[in-house]
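Every chain is numbered from 1 and lettered A, B, ... according to where its sequence line falls, protein lines coming before strand lines. From a predicted model like this one, the values you see are computed outputs, not experimental measurements. All heavy atoms count here, side chains included; hydrogens, waters and symmetry mates do not.
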2 protein chains.
Amino acid sequence: MSKGAPKLSDVARMAGVSPATASRALSTPAQVRPETRAKVDDAARLLGYVPHGAARALASQRSRTIGAVIPTLDNAIFANSVNALQRSLAESGYTLLLGSHGYDPAVELEVTRALIERGVDGIVFVGTDHDPQLYRMLATFRIPYVLTWSLDPSGHHPCIGFNNREAAMQVTRFLLDLGHRNFAVISGLTAHNDRARDRVAGVRDALRARGLDLTPQAVIERPYSFASGQEGMRELLKRALRPSAVVCINDVLAVGAIIECRAEGLDIPRDVSITGFDDMEIAAQLAPGLTTMRLPTVDLGRSAAAYLLDRLAGREVAPSTELPVQLVVRGSTAPPRSRSAGRK
Amino acid sequence: MSKGAPKLSDVARMAGVSPATASRALSTPAQVRPETRAKVDDAARLLGYVPHGAARALASQRSRTIGAVIPTLDNAIFANSVNALQRSLAESGYTLLLGSHGYDPAVELEVTRALIERGVDGIVFVGTDHDPQLYRMLATFRIPYVLTWSLDPSGHHPCIGFNNREAAMQVTRFLLDLGHRNFAVISGLTAHNDRARDRVAGVRDALRARGLDLTPQAVIERPYSFASGQEGMRELLKRALRPSAVVCINDVLAVGAIIECRAEGLDIPRDVSITGFDDMEIAAQLAPGLTTMRLPTVDLGRSAAAYLLDRLAGREVAPSTELPVQLVVRGSTAPPRSRSAGRK
DNA sequence: TTGTAAGCGTTATCAA
DNA sequence: TTGATAACGCTTACAA
C-alpha cells in the first residue's frame with residue numbers, strides 16, 4: 001500500500017526492467033520482446049498504473065487531446081455532431097476538450113487560447129466567421145485545425161461542411177416550382193454566424209434568379225428557439241400580405257412557426273407552407289411532417305475527427321470537403337390554388 | 001521571429017528577470033514588485049506568450065481542467081446542463097474535458113480512466129449507477145468528484161440532484177387526484193440508468209399508496225427518442241384496456257406519444273392524458289401543452305461546477321444537495337367522465 | 001532488444 | 001523581492 005498514484009518507475013521496478021523499457025512496452029509494444037512486454041503489462045495492471053498525461057505531453061509534445069470550439073451546446077444540432085466527434089476521437093484514444101462561446105468572438109478567442117494552453121493537438125471550429133487574431137494564434141502555435149459546417153470561400157482554411165447557400169437555394173427552388181411567389185424567411189441571428197447568413201442569401205439569390213425580391217422586412221431574425229419561431233410567425237401573420245411560403249433557417253424555428261400556425265387555426269399548407277433546415281428528429285415525426293434539408297451532422301463530427309487525426313499522423317488529407325445535403329420532402333407544401341388567396 | 005511558441009524563459013529574458021520571477025509575476029502577481037510585474041506582463045504580451053499547460057500541470061500537480069462523464073449529448077437535456085457546466089467552469093479559468101459512454105458501464109470506466117490520465121482535477125458524473133471499480137479508481141487517484149441528477153441513497157458519494165422517485169410520485173398523485181385510475185408508463189431504458197428506474201418506481205409507489213397496481217405490462221421501455229414515444233404509445237393503444245393516463249419518464253418520449261395520439265385522431269386529454277418529465281423547451285410550446293416536471297438543469301451544471309471548485313479550493317462543501325423540482329401543469333389532463341370510457 | 005541519461009517547460013524550495 | 005536549482009513523470013536519442 002504505497003501512497004499516491006503508481007508511476008512508470010514503479011511499474012519498471014516491479015517488472016524488473018528500466019523505465020525506458022517500461023515506457024516502450026506500454027507505448028510502442030512492437031519495440032519490445034513479448035516476454036518483457038508481458039512482464040510490464042502485468043506489473044502495470046497489478047499496480048493499476050495510469051500514465052501521467054501531463055508528463056507524457058511534456059516529453060512527447062503531444063497531448064492526445066483535441067479541442068472543439070462551438071457556439072453552444074443548447075442547439076441540439078451541435079450537440080449531435082459534438083457527440084459524434086467525441087465518440088470518433090475516443091475510438092482513437094483521443095479526448096475532447098470542449099469550449100463554447102455563445103456567438104461572442106471575444107469569448108471564442110479566449111476559449112481557444114485556453115485550449116491551446118491545455119496543449120490540444122488540434123482544434124475543430126464551427127463556421128468561417130472568426131477573429132483574424134484567432135488564425136494568427138493557430139499559426140503561431142502551429143495547431144492543426146478544421147472549420148466545420150461551412151465551406152471557406154477564401155480557400156485559406158481547411159474545412160468540412162455544407163454549401164449552406166446552395167442548400168437554401170435548393171429549398172427555395174422547390175417552393176418556387178410548386179408555385180409559391182410570396183416568401184418570407186425566419187432566420188437565426190446572423191451576426192457572427194455565416195451559416196445563417198449564407199442560408200438567407202441562398203433564399204434571396206434563388207428568388208432573384210426568378211425575378212423575385214426578398215425584402216429586408218420579409219426576413220425575421222431571432223435567436224434559435226421554438227419560441228422565436230412562434231414569435232416570428234406571429235409577426236408575419238400580422239402583415240397585410242401574408243407570405244404563402246415561410247423558409248425557416250433551422251428546424252427549431254420551423255417547429256415554432258408550425259406551432260404558432262396551429263394555435264391560430266391556420267391550415268398547413270393550405271394557408272401557409274413552412275420549411276425547415278437540419279432534419280432534426282422531431283421534423284420527421286411532426287404531422288403533417290416538415291420539409292427540410294437533411295445535413296449529415298454525425299458524418300460531420302466523424303469527418304472532422306478523421307481529418308485532424310490524419311493530419312496528426314502525417315497522412316494525406318483533402319484541404320476541403322463538401323458534405324452532401326438532401327432535401328427531404330414531407331407533407332404537402334403546395335401553395336394555395338388562387339393567386340389572391342395569400343391576402344388576408 | 002524566433003521559431004516555435006515562446007516560453008517562459010523567453011519572457012524572462014525579454015523582461016530582464018529570472019524565469020522564476022517571470023513565473024511568479026504571471027501566476028502570483030502579489031509576490032512581485034509592481035515594476036517587475038509590469039515588465040514581465042509587457043514581455044508576455046509582446047511575445048504572445050501562452051503558458052504550457054502540461055509543464056505547468058506537471059510542476060504544480062493541477063491541470064485546471066474538470067472532466068464530465070455523461071451518457072450522451074444526444075439528449076438535449078444533458079447537452080443543456082453540460083453547457084451550463086462548461087460556462088461556469090470557464091468563468092473560473094477551468095476547462096471541461098468531455099467523455100460520453102452511451103450507457104455502457106465498461107465504456108464509462110474507460111472514459112474515466114482517460115480523463116484521469118489527462119490529469120483532470122475533478123470529475124462530474126451522471127447518476128449513481130457506476131461500476132465499483134470506478135469508485136476505486138477515483139479513490140486511488142484521490143480525484144474529487146460529484147454525482148449529478150440523482151441523490152445517492154447510500155450517502156457514500158457527494159451528489160447534486162433531484163429526488164426522481166418523489167418527483168414521479170408527485171406527477172402520479174396529480175393524475176390520481178384528477179380521477180385517473182388506469183395508468184401506463186413509457187420509460188427510457190432502465191439498465192444502468194437509475195433516473196429512469198427511480199421515476200418508474202415513483203409511479204408504482206404512488207399508485208400502490210392508493211391501492212392501484214402498475215403491472216409490468218403497463219411499463220414500456222424504449223431508448224429515448226421521439227420515435228420511441230410514438231412506438232410506445234402505438235403499443236399501448238393496441239391493448240384492450242386503453243390507459244387513461246400515460247406517464248412518460250421524459251419529455252422527448254411524451255412528445256412522441258402525443259404525436260402518435262394525434263396521428264390516430266385521439267383527443268388529448270379526452271381519450272388519453274399524457275405527462276412528461278424535464279420541461280424541455282418544446283413542452284411549453286406544444287398545443288395543448290404538456291404537463292411535466294421542471295428540472296433546474298442549468299442550476300445543476302452550475303452547482304456541480306461550484307461544488308468541485310469549492311473542494312479544489314479547500315472550501316467547505318455540503319456533501320449532498322437536493323435541487324427542487326416543480327410540477328408544471330399545462331393543458332387539461334382530466335380523465336374521461338365515465339369510468340368505462342377507457343374501453344375500446 | 002534494452003539501458004542510460006538528457007531533456008520537455010513549469011513551479012516550488014531555499015538562499016541570498 | 002528575487003534568483004539558482006531541483007523536482008514533476010515521462011519519452012527518446014544514443015549507446016550498449
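A:Ser23 has no side-chain polar atom (N or O) that falls below the 4.0 Å cut-off from OP1 or OP2 of D:dT12. Side-chain nitrogen and oxygen atoms of A:Tyr49 include none within less than 4.0 Å of the OP1 or OP2 phosphate oxygen of D:dG9. Contact annotation: B:Ser18 does not reach the phosphate of D:dT2 (side-chain N/O to OP1 or OP2, under 4.0 Å). Taking 4.0 angstrom as the limit, B:Ser60 places none of its side-chain polar atoms (N or O) nearer than this to OP1 or OP2 of C:dT11. The phosphate of C:dT2 (OP1 or OP2) has a side-chain N or O of A:Thr36 nearer than 4.0 angstrom. Note on A:Arg33: every side-chain N or O is 4.0 Å or more away from OP1 and OP2 of C:dT1.
Comparing C:dT11, C:dG7, C:dG3 against the side chain of A:Arg24 picks out C:dG3 as the nearest. Distances were taken from every side-chain heavy atom of A:Ala55 (C-beta onward) to each of D:dT1, D:dC10, C:dT1; the shortest belongs to D:dC10. In the set C:dT11, D:dT12, D:dG9, D:dG9 carries the atom at the smallest distance from any side-chain atom of A:His52. Taking only side-chain atoms of A:Ala59, from C-beta outward, the nucleotide of D:dA4, D:dT1, C:dG7 with the closest atom is C:dG7.
Distance, A:Gln61 CD to D:dC10 C1': 12 Å, rounded to whole Å. Nucleotide C:dT2 holds its C1' atom 11 Å from the NZ atom of A:Lys39, rounded to whole Å. Across the protein-nucleic acid pair, B:Arg37 atom CZ and D:dT2 atom C1' stand 14 Å apart, rounded to whole Å. Atom CZ in A:Arg56 sits roughly 16 Å away from atom C1' in D:dC8 (whole-Å rounding). Distance, A:Gln31 CD to C:dG3 C1': 14 Å, rounded to whole Å. At whole-Å resolution of the value, CZ in B:Arg13 and P in C:dT10 are 12 Å apart. Rounded to whole Å, atom P of C:dA12 lies 10 Å from atom CZ of B:Arg62. Atoms CG (A:Leu26) and C1' (D:dT12) sit 15 Å apart, rounded to a whole Å.
Taking each heavy atom of A:Pro6 and A:Gly48 in turn, the nearest pair found is CG-O, 3.9 Å.
Using a 4.5 Å heavy-atom cutoff, the side chains of A:Leu312 and A:Pro144 are in contact. Between A:His52 and A:Lys7, the closest side-chain pair of non-hydrogen atoms is not below 4.5 Å. With a 4.5 Å cut-off on side-chain heavy atoms, B:Arg118 and A:Arg64 count as touching.
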Start with the C-alpha gap between A:Phe78 and A:Trp149, add the side-chain angles, then the distance that decides, and say whether ring-ring contact (aromatic ring centres under 6.0 Å, His included) holds.
CA-CA 10 Å; A:Phe78 285 135; A:Trp149 286 86; 5.2 Å; yes
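Taking the six-membered ring for Trp and thresholds of 30 and 60 degrees, A:His157 and A:Tyr145 have ring planes inclined between 30 and 60 degrees apart.
We find that B:Lys39 and B:Asp42 are not joined by a salt bridge, their nearest charged nitrogen and carboxylate oxygen being 4.0 Å or further apart.
Partner of A:Ser150 under the side chain to side chain donor-acceptor pair (under 3.5 Å) criterion, chosen from A:Thr128, A:Asp129, A:Asp194: A:Asp194.
Where B:Ala20 and B:Lys7 each meet DNA chain C at their nearest nucleotide, the meeting point lying more 5' is that of B:Lys7. Residue whose closest nucleotide on DNA chain D sits further toward the 5' end, between B:Val32 and A:Leu58: B:Val32.
Axis angle between the ends of the helix from C:dT1-D:dA16 to C:dA16-D:dT1, five pairs each and rounded to 10 degrees, works out to 30°.
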